[in-house]
Structure formats: C-alpha cells, structure tokens
Asker: 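The structure is given below, and queries will be raised subsequently.
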Number of protein chains: 2
Amino acid sequence: MQVHERGARARTRQAILSAAIDVLGQNPGAALGEIATAADVGRTTLHRYFPERSDLMRAVAAEGSARLDHATASARLDEGTGCAALLRLCREYFDLGSLLSLIFTDPDCLSESTPIVDDGCDDRFSAMIDRGHRDGTIDPGLPAPWLSSLMWSQLYAGWAYVTQHGASRHEVLNLLVRTVDGAVTPRTSV
Amino acid sequence: MQVHERGARARTRQAILSAAIDVLGQNPGAALGEIATAADVGRTTLHRYFPERSDLMRAVAAEGSARLDHATASARLDEGTGCAALLRLCREYFDLGSLLSLIFTDPDCLSESTPIVDDGCDDRFSAMIDRGHRDGTIDPGLPAPWLSSLMWSQLYAGWAYVTQHGASRHEVLNLLVRTVDGAVTPRTSV
DNA sequence: CTCTTGTGGAACATCCGCGTTCCACTAGAG
DNA sequence: CTCTAGTGGAACGCGGATGTTCCACAAGAG
C-alpha cells in the first residue's frame, strides 16, 4: 500500500521538521542528535531523510516559509485600517509559536527563502503601513522597516515570555497587542 | 616597571574581552580563533589569559554585567516620572552597542551573573515601573516583567537595525524612544 | 649588553559532531 | 507463514575546534 508508505514517511519527515524548528529555535547550533532525540527517531533515520545538515536546514526553511505565508494570508492585510491589519498580523504570527524563536535567533535561515523578517521589503507589509499612514491609524513618523523590526522583536519577546514565565498565551497576546497598538498609534495629546 | 606590565596585561585582557563581546554577539558559537583574530592577538595569547573557553565566558559575563550596572546607574531610575526614567534607561542601554546582541542572543551567558534581562526581578526596575503606574505616566495594565521584555526586545531590534541597515544611531534611538514611549503611555482617548 | 616579560607561531593530542556503512528488529502486506 | 519497508543501534573515518607544549622574537628594565 503505497499510500500508507507515503503516509508513514511523510509523518516521520514532519515530526523531524517540527522537532528541528523547536530545537533550533532554542539553540541554532544544536547537534543533529538532539534534533533526532526530540523527534523521537534515531540519528540514522534523520540522515535517511536529510543526508546532510544543509538538506535539513533547507527543508526547515521551506516549512517555516510555508507556515509564515499561511499566517500572512490569514491576516488579510488589505482589509480594514492599517493599524487593525497590523494587529491582525501580530495575532496570526503569534500563533507560529516556536517558529518565532527560529526566525529571530537564526535570521539567515529563512531569509534566503523568504526575506521578510529583517528587510522590510515585503510589499504587502509596506503597503499596509502606508495605508495606515494615510488613514491616520499609524504614526507617519514611523517607517515601515522600523515597524517590521518592532513587530518581530515584540513577537519574539512575547513568545519568550510565554515559554519562560509560563504565562498564558492569551494574556501575553493581549499585552503584546496593547503595546504594539500604543507604539504605532499617533499621539493625539502631543 | 610593574605598573607598565600590569598596564600591558590589562590592555590585552580588555582587548580580548571587547572582541569577545563583539564576535560572540554576532555568533555565540564562534571559535576561539575568531575571537583572537578580532582582538588582534594570537590564539596562544588568548589561552594564556583564559585557559579554557569557560574562563573566557565567565570573564565576558562579568564585563557585561559591569557595563550593564554602569549604564543602569547612569540612568538615575529614581528621578523624574516613571516613564521619563524608563526612556532614560533605554537611552543608556542603547549605548551598550554590541553588548545588546550578546545579551539577547546568549541570554544564559549573563543571566548567571546578573539575571536582569529575562526575569523582571530587578528591584530598581520594578520600583521605577510601579512609580510610573502611580504617577500616571505608565499604563497600569502593563506589568513590569512585560515592560522589561518589551524594552530589551526593542533595544535589540534597534541595534540590529543600526548594524544591518546602516542607519544612524541617533535616528534609530529616536524611533526607539518614540515607540517605547507610545507603548507604555496610557491611552487618553480610549 | 643581559634578563625579564609579553607575545606569536608551529606542532601535537584530544574531543565532539558529522556522515557513512552494516546489521538486527518490528510491523504490516501478501 | 514469507517478504518488504521502515527503523534503530553500533561502529568507523573524517574534519574542525580545543587545549597544551615548545620555541623564537621583540621591547623595556637593569
């Protein structure tokens, strides 16, 4: 039954990739043995799916980019005010979980597949920020690249806060949205 | 002249430590040879000052903690409103430069010497935030530990922005202060 | 000058992660 | 049952980083 074979192989491959994202997020220089242990497979099996470390890194980058693109699509960046879209994006990205650590601690990993994070060169993101500048929901003094850095750093801080302090994802997400909202909203009094 | 000898040894030791902070900040797993090259000394000399890698790491942690404490003291956390003190702290910490990268990419490194960063367990920091909560300059809905995470993540984002985008330190610091200020200031309209 | 100090280079043994190979075990298809 | 796919363990060679030793060189003190 080839379908079952593919199912088993696909399942193992996915387990390795998920474990790799978790482990590499906390330690980009982790040994392959650690990843194999985390995935609950032997190191031999890992090498059977990804002969060299670089093969695994490429697959991790592809998986991460796919999850990232899915989250971006779910945020519907072109709907509502610029600020509302930005906060929707924060909520979607926050669900990426441990992938946030990997994106932040190993920027070069994903940057070759999807150079979104560091460079603010994502057209959709820039367009969203520009819309916010025009509709008055985002401070025009804050350029899109800086807001990209701002958002990613707070996402990482929030995720680290959850994992290290054992706080509720929901509560931390609320704090995060609150501070991002406050940071980008034009100051009415001043 | 023992003074001169001590001066020479202290100078070399300091050069190694500064180079280690720079190099390890960009790559926590850097080889000792890279650090030695960056410090413009031979690998033999590095081992003469720090026999094992762990010795160097400890010294780096001590040096980082010292710089951190000095910056904290310069911010005079007990003067002015809570928000003003927080922004002063951001300005002082931003001057730490490449040490920011090390603190953020290798949290375990300094956490044993000065567990400030992740835990919001610094009493002076908590007192400053509490004062801000009372004097109305910091949103009472934002707890001190989260503001600590927020501040550090923004500092790292700002430093990375300077090093990668080649932006002016002054401009980036202004953006940083602007967004931190907006994030913590209570919303008057809402 | 000589002697001490600080240094750098070369060589070496060692350790650890990587990549490979081979073999034994288990579960499901037939 | 047999056969096959998938897996895990043991062992090996390789390469890079580490830690050590020895020796040569330069600069300043005496």
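Naming: A, B, ... by sequence-line order, numbering from 1 per chain.
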Asker: Does a donor on one side chain sit under 3.5 Å from an acceptor on the other, for Ser98(A) and Asp22(A)?
Answerer: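 Their side chains do contain a donor-acceptor pair, which is all the 3.5 Å distance test asks for.
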Asker: Between C1' on dT20(C) and CG on Asp55(A), what's the gap in Å once rounded to a whole number?
Answerer: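 After rounding, the reported distance stands at 14 Å.
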Asker: Asp181(A): what forms a salt bridge (Lys or Arg N to Asp or Glu O under 4.0 Å) with it, not counting sequence neighbours?
Answerer: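 Applying salt bridge (Lys or Arg N to Asp or Glu O under 4.0 Å) to Asp181(A) gives Arg187(B).
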Asker: Ala15(B): what forms a side chain to side chain contact (heavy atoms under 4.5 Å, CB included) with it, not counting sequence neighbours?
Answerer: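 Partners of Ala15(B) by the side chain to side chain contact (heavy atoms under 4.5 Å, CB included) criterion come out as none, since no residue qualifies.
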Asker: Between atom CZ in Arg9(A) and atom P in dA5(D), what is the gap in whole Å?
Answerer: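 Rounded to whole Å, this separation is 10 Å.
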Asker: Could you report the tightest heavy-atom contact between Tyr161(B) and Ser149(A), atom names first, then the distance?
Answerer: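 Smallest interatomic distance, heavy atoms only, reads CD1-OG, 3.5 Å.
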Asker: Please enumerate all residues that pass salt bridge (Lys or Arg N to Asp or Glu O under 4.0 Å) together with Arg76(B), with sequence neighbours excluded.
Answerer: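 Residues passing salt bridge (Lys or Arg N to Asp or Glu O under 4.0 Å) with Arg76(B): Glu79(B).
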Asker: For the residue pair Thr105(A) and Tyr156(A), confirm or rule out a side-chain donor-acceptor distance under 3.5 Å.
Answerer: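 No, Tyr156(A) and Thr105(A) have no side-chain donor paired with an acceptor closer than 3.5 Å.
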Asker: Can you give me the closest heavy-atom contact between Thr179(A) and Ala183(B), atom names plus distance?
Answerer: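 Looking at all heavy atoms of both residues, the shortest contact is O-CB, 3.4 Å.
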Asker: Does the ring centre of Trp159(B) sit less than 6.0 Å away from the ring centre of Phe104(B)?
Answerer: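 No; Trp159(B) has its ring centre 6.0 Å or more from that of Phe104(B).
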Asker: Please report how far the helix from dC1(C)-dG30(D) to dG30(C)-dC1(D) bends, comparing the axis fitted to its first five pairs with the axis fitted to its last five, to the nearest 10 degrees.
Answerer: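 It works out to 10° between the end axes.
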Asker: Within this structure, what is the CZ-to-C1' distance between Arg11(A) and dT7(D), rounded to whole angstrom?
Answerer: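 So the CZ-C1' distance, Arg11(A) to dT7(D), works out to 13 Å.
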Asker: Which parts of residues 33-52 of chain B get close to DNA chain C, meaning a heavy atom less than 4.0 angstrom away?
Answerer: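 Within this stretch, Asp40(B), Val41(B), Gly42(B), Arg43(B), Thr44(B), Thr45(B), Arg48(B), Tyr49(B) sit under 4.0 Å of the strand.
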Asker: In whole angstroms, how far is the C1' atom of dG8(C) from the CG atom of Leu32(B)?
Answerer: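 So the two atoms are 16 Å apart, to the nearest Å.
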Asker: Which atom names give the shortest non-hydrogen contact between Leu77(A) and Arg124(A), and what distance separates them?
Answerer: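 Distance-wise, the nearest heavy atoms are CD1-CB, 3.9 Å.
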Asker: Around atom CG of Asp40(B), are there more than 12 heavy atoms of other residues, nucleotides or ligands at under 6.0 Å?
Answerer: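 No, not enclosed.
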Asker: Below 4.0 angstrom, which residues in residues 12-23 of chain A have at least one non-hydrogen atom near DNA chain C?
Answerer: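 Output list: empty, so none.
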